[in-house]
Chemist: 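Please find one structure pasted underneath; my questions will follow.
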Amino acid sequence: MVVRRRARRVLIPLMLYCISAGVVGYFLHHAQTGARGAQAREQYEALAADFTNELNGLKADRANWERRIALLRSDQIDRDLLEERARVMLGRVHRNDLVIMTGQ
C-alpha cells in the first residue's frame, strides 16, 4: 500500500511532465520546420529579396527605355539615336562600319 502511494506520488507528476514536454517539443518542432515555421520564413525572405532585385533591374531597364523614348520625342531629335534606329529598321550599315558575319 505504502509503495503504491509513493509510486503514484512520483509517477503521476513524472508522466505529466513527460506529456507536457512532448507537447512542447511537438509545437517547437513545427514552429521551426512547419509550413509557417522559421525555415519557411527564411525561404520567403530569400524569394522576396530575389524579386526585389529583379524589380530594381526592371526599373532601371524602364528608365533607360523612357530616356531613349524621350530623346526621340523631344523637339530636337538626337541624330545618333535616330541614325542607329534607322540602320536597325532598314538593315543598312554605314560605309565606315565593320561588319562581322558569323556562320549560323
Chemist: Measure the spacing between CG of L47 and OG1 of T52 and express it to the nearest 0.5 Å.
Modeler: 9.5 Å
Chemist: Measure the CG-CG distance between D61 and N56 for me, rounded to the nearest 0.5 Å.
Modeler: 12.5 Å
Chemist: Report whether Y26 and V23 are members of the same hydrophobic cluster (ILVMFWY, side-chain heavy atoms less than 4.5 Å apart, transitive linking).
Modeler: yes
Chemist: Please report the shortest heavy-atom distance between A40 and A35, naming the atom on each side.
Modeler: CB-O, 3.3 Å
Chemist: I need the Q39 CD to Q43 CD distance, nearest 0.5 Å.
Modeler: 7.0 Å
Chemist: State whether E84 and R68 are salt-bridged, where the test is any N-O pair (Lys NZ or Arg NE/NH1/NH2 against Asp/Glu carboxylate O) under 4.0 Å.
Modeler: yes
